[in-house]
Amino acid sequence: MREKIVLIDGHSILNRAFYGIPDLTNAEGLHTNAIYGFLNILFKILEEEKPEYLTVTFDVHAPTFRHEMYKEYKGTRKPMAEELRQQVPVIKEVLQAMNVEIIEQAGLEADDLLGTLSRRCEENGMDVAIISGDRDTLQLATEHVKIRIPKTKQGKTEVEDYLAADVKERYQVTPTEFIDVKALMGDTADNIPGVPGIGEKTATKIIVDYGSIENAYAHVDELKPPRASKNLKEFWEQAKLSKTLATIEVNADIAFDLEGAKHGNLYTKEAYDYFQELQFKNLLARFDVEATVNDVEQYFCEIVDRKKAEEIFERAGRADVVGIAFSEDNENLLPLFAHTSGYGRVSLAFGEQEVYTIPCGDDLPMEYLFERVSGIANDVETFSVFNLKEVLSLLDVRSEEYCFDGIIAAYLLNPLKNDYQFEDVAREQLNLTVDSQVTGKELSCYEAYTAFAAVKPLRAHLEETGMKKMFDEIEMPLLFTLFHMEQAGVRVEADELRVYGEELGAQIVVLEKEIYEMAGEMFNINSPKQLGVILFEKMGLPNGKKTKTGYSTAAGALEKLAPEYPIVDKILEYRQLSKLKSTYADGLANFIGLDGRIHGKFHQTITATGRISSTEPNLQNIPIRMELGRLIRKVFIPDEDYVFVDADYSQIELRILAHCSGDEQLIQAYREARDIHRMTASQVFHIPFDEVTDLERRNAKAVNFGIVYGISSFGLSRNISITRKEAAQYIESYFETYPGIKKFLDDAVKQAKEEGYVTTLFGRRRPVPELASSNFMQRSFGERVAMNAPIQGTAADIMKIAMIRVDQALRANHMKSRLLIQVHDELLVETHKDELQAVEAILKREMEGAAELAVPLDIDMHHGSNWYEAK
DNA sequence: TGAGTCACG
DNA sequence: ACGTACGTGACTCAG
C-alpha cells in the first residue's frame with residue numbers, strides 16, 4: 001500500500017473560500033469566512049483521503065507574479081481585499097495549533113512549492129493529492145499525483161479530481177502538453193504573453209497535433225490557420241519565454257522533512273481555543289463528539305410495555321418542560337402524518353437522564369400515543385416540539401400558550417438561514433453533534449432531548465435579543481393561526497379551472513403556429529436560448545441586453561422592439577398564456593384535494609424580513625394585474641351559504657415610514673387622508689397640488705416605492721425611464737421635502753453598520769452582514785436591505801398581529817367563518833352569509849387596530865361570490 | 001441543479 | 001470603478 005500525502009495550496013484555497021462563503025465575523029469583528037471555508041475543505045479532504053502526511057504551502061511574500069488571488073478580477077491586478085488579508089495570519093496560527101506542517105519559502109511561488117514537493121514525494125513511492133483552486137497545477141498531474149479542485153457552490157463543496165488521464169480527457173492534452181497549450185494561448189492574469197492571435201481552441205489543436213511548441217515550430221509552415229503559422233514564426237521567442245513562465249518548477253531547492261508533515265491529532269487544546277475565539281461552533285463539535293454523544297445517548301431508553309409507557313406519560317405530565325418528537329418507523333408503511341393509524345413512534349424527554357422512545361405496537365396504537373401526548377401538552381408548563389405546525393393535526397392541544405417550537409425560535413434568532421433543523425439547534429445551543437449516520441429510534445430520542453434541553457438557552461437568547469414578546473405573542477400564536485388556515489384550505493372549482501386551461505391551450509396552439517410561420521421554422525419558444533438564436537441571429541433583431549449565457553429575452557427587453565417586429569408581440573402573448581396555463585390552470589388543478597379544496601402551506605421561517613411565504617401551491621402570487629390572468633380568481637369560491645370577504649391594508653408600508661420617521665408632513669397628510677402620491681409629486685416637483693399630471697403622479701409613486709425599497713438613483717432611473725441624474729435630483733428634492741425620512745433611513749444604515757442588524761417596530765431582527773463587505777455591490781445591497789427591512793418587517797409584524805386577532809375573534813365567537821389566505825397586506829375570509837356584517841366588523845377592527853401608529857391604519861374591504869369579485 | 005423568466009406584495 | 005431597486009415561489013430548459 002502506497003503512503004499518501006495531501007498538499008494544500010494555502011492561498012489559493014483560502015481565496016476560494018473567501019469568495020465562496022458569505023461574510024462571517026466573530027465577536028471582535030474579525031472576518032472569518034475564508035478561514036471557516038478553508039477548514040471545512042481541509043476536513044472534507046482529510047476524511048476522503050485519510051493521508052499519512054499533510055502539508056500546506058503559502059507564498060511567503062505578497063504575490064507578485066502569477067497567482068490565483070489576482071485572477072478573480074478579470075485578469076487585472078488589485079490588492080488583496082482587507083477582509084481576506086487579515087485572515088491569512090490567523091489561518092496559519094490555527095494550522096500550527098493543529099500541528100499541520102506549513103511550508104513557505106521566500107522567492108518561490110506556491111505552484112513551485114507544490115510542484116517540487118509532489119515530485120519528490122512521488123519519487124519516494126507515495127501517492128499525492130494536490131488541493132488547489134488554480135488550474136495551472138493540472139500540469140503536475142500524473143498517475144500518482146491527483147489534482148483536486150474544490151468548488152464552493154451554495155455552501156456545499158464539490159471537488160473536481162484530475163489524474164493524468166482525466167486531464168487528457170477534459171482538455172485533450174496530457175499534463176505536460178498543457179504547459180505548451182498555455183505557452184501558445186497565454187494568460188493575462190499570470191503575465192504570460194503567449195502568441196498573439198492564438199486562443200484556447202487553436203492552441204489545443206496545435207498541441208494535439210504536434211505535442212509541443214518546439215515540434216510545432218519545426219513544422220511551422222504547415223500550421224493552420226495561416227495566422228497561427230505566421231504569428232508563431234514571428235513571436236517564437238515570446239512563445240519560448242511563455243513556456244518557461246508557464247512551467248511549474250519541480251526541482252526547487254526546498255528544505256522539507258517528511259516526518260514533520262506526519263498527519264497526527266488535529267484536535268488539540270490550542271486549536272479548540274482558536275475555534276472558540278473564531279466562533280466556529282459547528283467545527284468545535286468535532287473536538288468532543290465522542291464525549292457528548294455518549295453522555296446523552298446512554299440515557300436513551302425504548303419502552304414497548306404498555307404499563308411502563310403509562311408510567312412514563314404520567315411522569316412526563318408532571319414535569320415542567322417536556323420535549324417531544326414524532327417519527328415514522330418504517331417508510332414502507334402508511335405515512336404517519338397523513339393518517340393516525342400509521343406506524344411510528346413518539347419520543348419524550350423531560351430531564352437530562354429521562355429520554356424515552358415509545359414505538360406503537362399492539363398494546364400501544366398510535367391513536368393512544370397521540371392522545372397521551374395531547375394530555376401532556378395540556379398539563380405541562382412547556383411543551384416543546386420542533387415544527388409543531390406539522391404535527392398539530394395529530395394532537396388535541398388546548399393550551400396553546402404553553403407550546404414552544406425551537407425551530408421558530410431559531411428562525412427569529414437568525415432569519416437568514418436556508419433551513420432549520422433540530423440538529424442545528426442541538427449543535428448551536430447544546431454543543432451537541434448528532435451524527436448524520438444516526439437514524440431511527442436514536443434520532444428520535446435526540447430530537448426529543450434537544451427539544452427538551454434547548455428551551456432554556458433559546459429562551460435566554462430570545463430575551464437577550466429583545467425578541468421574547470415577538471416569540472410569545474406573535475410567532476407562536478401565529479403558528480396556530482397558520483395551521484387553521486392550512487386545515488381550512490380554499491375551495492376551487494375544478495371544472496371551471498379545466499375549461500379555463502383548455503381555452504388557454506387552444507389560444508397557445510394558434511400562437512405557436514403564427515410564431516413558427518413568422519420565424520420560418522419550428523423551435524421551442526420556451527427556451528430562452530433557442531428563442532435568442534431565432535430572434536437575434538436568424539431574424540437579425542437589434543440585440544440589446546445580454547445575460548451571462550446569451551441574449552436577454554425578458555419581457556422588458558423585448559417590449560422595446562415590439563413596434564417594429566410583430567413576432568415579439570406574439571412571443572410575449574405566448575409567454576403570458578403559457579405561464580397562466582402551466583403555473584395556474586394546470587398547476588393549481590394538481591393541488592385540488594378530495595374535498596374540492598386546495599390546502600396550500602404557509603411558511604413562517606422562510607423570509608429574511610418576517611413575511612410569511614406560501615407554497616404547494618403559492619397562493620400569494622395568483623394573477624391580478626392583467627385582466628386575463630385575473631380571471632383565474634373566479635375559480636376560487638366559497639362554500640355554499642358563504643361569501644368571500646377580502647380586506648387589504650392601504651399603503652401600509654408608507655404609513656409605517658411616516659410613523660417611524662416621524663415626518664410631520666407625511667403624518668399630517670395621512671391623518672387628513674390626502675392623496676399621498678399626488679402630494680409627493682406636488683412637493684417634490686414644485687407644482688400646485690391640483691396641477692399634478694398623471695405622469696407626475698406616477699413618477700412620484702415610483703419615488704415613494706423606491707424609498708421603501710432602499711432608494712438608489714440607478715434603480716429609480718431604470719424604473720421610470722429617466723436619466724440617473726434626474727433620478728438623483730428627484731431623490732434629493734424628496735429628502736429636502738421630507739427631512740425626517742432621510743434621517744430615518746440614514747439611521748437604519750448606521751444602526752446596521754454598528755450593530756450588524758436592523759429591527760422592526762416590534763423588535764424583530766434582520767442581520768445585514770453584507771454591510772461589512774469590501775465589495776461595492778454587496779455593500780450597497782446591504783444599505784438597501786437596512787432601509788427596507790424595518791419597513792417591510794414592521795408591515796409583516798402588524799399583519800401577523802391582525803391575523804392572530806381575526807382568527808381568535810372568529811373562534812372565540814364560535815363563528816363558522818374562517819380565515820383562508822394571507823397575501824402580505826391582504827386577508828381573505830370565507831364568511832358565512834349570516835356573519836357578513838360581524839366578519840367585516842372584526843376585520844376592520846383587528847386590522848386597523850393591530851398597531852397604534854402616529855397615522856391611522858386604513859383598509860379597503862370588499863365581498864363577493866368569488867375571489868375575483870371580492871378583490 | 002442553476003439560470004432565466006414571470007406571477008404576486 | 002463598481003453596475004441594483006425590497007421580499008417571495010413555480011415552471012421550463014439544458015447541462
Side-chain angles (χ1 to χ4, degrees), chain A residues 73-74 76 78 153-154 156 158 415 523-532 545-558 571-572 575-588 590-591 600-603 606-626 628-630 632-633 648-649 651-653 702-703 705-720 724 727 731 766 770 773-793 795-796 799 821-826 871:
Chain A
Y73 304 94
K74 303 169 192 162
T76 59
K78 296 196 175 181
K153 276 187 181 174
Q154 303 260 319
K156 282 184 184 169
E158 283 183 15
F523 64 100
N524 190 339
I525 310 170
N526 283 319
S527 162
K529 199 177 164 187
Q530 292 184 35
L531 182 61
K545 277 178 78 174
K546 283 204 170 178
T547 62
K548 285 174 205 162
T549 51
Y551 311 103
S552 170
T553 64
L558 291 188
I571 286 165
L572 292 174
R575 282 245 181 96
Q576 195 192 4
L577 297 187
S578 64
K579 173 103 182 177
L580 287 174
K581 180 160 164 62
S582 66
T583 305
Y584 298 103
D586 302 346
L588 287 175
N590 289 328
F591 289 101
K601 292 181 180 172
F602 289 101
H603 303 276
I606 300 294
T607 71
T609 52
R611 275 189 175 181
I612 287 164
S613 90
S614 162
T615 64
E616 298 175 62
N618 183 350
L619 295 171
Q620 292 180 319
N621 71 345
I622 305 300
I624 191 164
R625 293 173 190 168
M626 305 290 277
L628 181 64
R630 191 176 193 150
I632 278 272
R633 292 177 173 240
D648 67 284
Y649 281 114
Q651 297 176 346
I652 186 166
E653 291 183 340
V703 175
F705 265 92
I707 296 291
V708 170
Y709 290 158
I711 195 91
S712 78
S713 57
F714 194 94
L716 180 64
S717 68
R718 206 158 69 78
N719 192 350
I720 57 178
R724 241 186 103 170
I731 294 167
R766 153 127 200 207
E770 297 88 352
S773 169
S774 62
N775 178 303
F776 173 85
M777 201 185 81
Q778 287 233 337
R779 212 171 45 242
S780 306
F781 174 71
E783 287 170 5
R784 294 195 297 273
V785 160
M787 294 189 260
N788 169 265
I791 303 172
Q792 188 182 121
M799 179 50 109
I821 292 173
Q822 183 250 42
V823 194
H824 309 308
D825 66 352
E826 168 193 356
K871 177 78 182 149

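What you see is a predicted model; the values in this text were computed from it and never measured. Convention: sequence-line order gives letters A, B, ...; per-chain numbering from 1. FYI, side chains are in, hydrogens and waters are out, and symmetry mates aren't considered; it's all heavy atoms of this structure.
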In whole angstrom, give the distance that lies between atom CD1 of Ile612(A) and atom P of dG9(C). 12 Å
May I have the distance from Ile791(A) (atom CD1) to dG9(B) (atom P), rounded to whole angstrom? 19 Å
Between atom CD1 in Ile622(A) and atom P in dC8(B), what is the gap in whole Å? 10 Å
Applying a 4.0 Å non-hydrogen cut-off, can you work out what Ala796(A) is touching in the nucleic acid: base, sugar-phosphate, or nothing? nothing
Could you tell me whether the side chain of Leu531(A) reaches within less than 4.5 Å of the side chain of Arg575(A), counting heavy atoms only? yes
To the nearest 0.5 angstrom, please state how far the CD1 atom of Ile612(A) sits from the CD1 atom of Ile821(A). 12.0 Å
What's Asn621(A) touching, base or sugar-phosphate or nothing? Going by heavy atoms closer than 4.0 Å. base
Taking only side-chain nitrogens and oxygens of Arg766(A), does any of them come within less than 4.0 Å of OP1 or OP2 of dG7(C)? yes
For dG4(B) versus dT4(C), give the span between their P atoms, rounded off to a whole number of Å. 12 Å
My understanding is that a pair needs two contacts under 3.5 Å, Watson-Crick or G-U wobble. By that rule, which nucleotide pairs with dG9(B)? dC6(C)
Please report the distance, rounded to the nearest Å, between CG in Asp825(A) and P in dG7(C). 17 Å
Any side-chain heavy-atom pair from Met799(A) and His824(A) closer than 4.5 angstrom? no
State, with a plain yes or no, whether a side-chain heavy atom of Thr615(A) is found less than 4.5 Å away from one of Ile606(A). no
Checking all strands, does Gly706(A) fall into the base, sugar-phosphate, or nothing category for heavy-atom contacts under 4.0 angstrom? base
Could you check whether Ser578(A) gets within reach of a base, just the sugar-phosphate, or nothing at all, counting any heavy atom under 4.0 Å? nothing
Return the nearest nucleotide to the side chain of Glu616(A); candidates are dA10(C), dA7(B), dC6(C). dA10(C)
Looking only at side-chain atoms of Pro623(A), point me to the closest of dG9(B), dA7(B), dA14(C). dA7(B)
May I ask you to say what Ala608(A) touches in the nucleic acid, namely base, sugar-phosphate or nothing, with a heavy-atom cut-off under 4.0 Å? sugar-phosphate
With rounding to the closest Å, how many angstrom separate the P atoms on dA5(C) and dC6(B)? 14 Å
How long is the straight-line distance from NZ of Lys601(A) back to CZ of Phe591(A), given to the nearest 0.5 Å? 9.0 Å
More than 12 heavy atoms of other residues, nucleotides or ligands under 6.0 Å from CZ of Phe705(A): is that the case? no
In whole angstroms, the gap separating P of dG9(B) from CZ of Phe705(A) amounts to 10 Å
Minimum-distance nucleotide (side-chain atoms of Ser527(A) versus dT5(B), dA5(C), dC13(C)): dC13(C)
Calculate, to the nearest 0.5 Å, the distance between atoms CZ and CZ belonging to Arg724(A) and Arg718(A) respectively. 12.0 Å
Is the phosphate of dA14(C) approached by Gln530(A) (side-chain N or O, under 4.0 Å from OP1 or OP2)? yes
Counting any heavy atom closer than 4.0 Å, what does Asn524(A) reach on the DNA or RNA strands: base, sugar-phosphate only, or nothing? sugar-phosphate
I want to verify a distance call: between dT8(C), dA5(C), dG3(C), whose nearest atom is closest to the Tyr709(A) side chain? dA5(C)
Using a cut-off of 4.0 Å on non-hydrogen atoms, how would the nucleic acid contact of Leu716(A) be classed: base, sugar-phosphate, or nothing? base
Look at the side chain of Ile606(A) and decide which nucleotide, out of dA7(B), dA5(C), dT8(C), has an atom nearest to it. dT8(C)
When you check the phosphate oxygens OP1 and OP2 of dT5(B), does a side-chain N or O of Thr553(A) lie under 4.0 Å from one of them? yes
For Glu653(A) and dT8(C), give me the distance from atom CD to atom C1', rounded to whole Å. 13 Å
Side-chain N,O (Arg611(A)) to OP1/OP2 (dG9(B)) below 4.0 Å: no
Given dA5(C), is OP1 or OP2 found less than 4.0 Å from the side-chain N or O atoms of Arg718(A)? yes
Between CG of Leu580(A) and C1' of dT5(B) the distance, given in whole Å, is 14 Å
Starting the side chain at C-beta, find the nucleotide from dC6(C), dG3(C), dG9(C) nearest to Arg784(A). dC6(C)
Over all strands shown, is Ala702(A) touching base, sugar-phosphate only, or nothing at heavy-atom distances under 4.0 angstrom? base
Given dC8(B), dT4(C), dT5(B), identify the nucleotide with an atom nearest to the side chain of Arg625(A). dC8(B)
Just how far is it from atom CD1 of Ile622(A) to atom OG1 of Thr583(A), taken to the nearest 0.5 Å? 9.5 Å
Please tell me which of Ser712(A) and His824(A) maps to the more 5' nucleotide of DNA chain C, matching each residue to the nucleotide holding its nearest heavy atom. Ser712(A)
Check every strand shown and say whether Phe714(A) touches a base, only sugar-phosphate, or nothing at a heavy-atom separation below 4.0 Å. base
Quick note, Lys529(A) side chain, CB onward, closest among dA14(C), dA7(B), dC8(B) is dA14(C)
So, is Thr583(A) near the phosphate of dC11(C), with a side-chain N or O under 4.0 Å from OP1 or OP2? no
How many whole angstroms separate atom CG of Leu531(A) from atom P of dC6(B)? 10 Å
dC6(B), dA14(C), dC6(C): which one has an atom nearest the side-chain heavy atoms of Gln792(A)? dC6(C)
Sugar-phosphate only, base, or nothing, as touched by Val823(A) at under 4.0 Å among non-hydrogen atoms: sugar-phosphate
Measure from the side-chain heavy atoms of Thr615(A) and tell me the nearest of dA10(C), dC11(C), dT5(B). dA10(C)
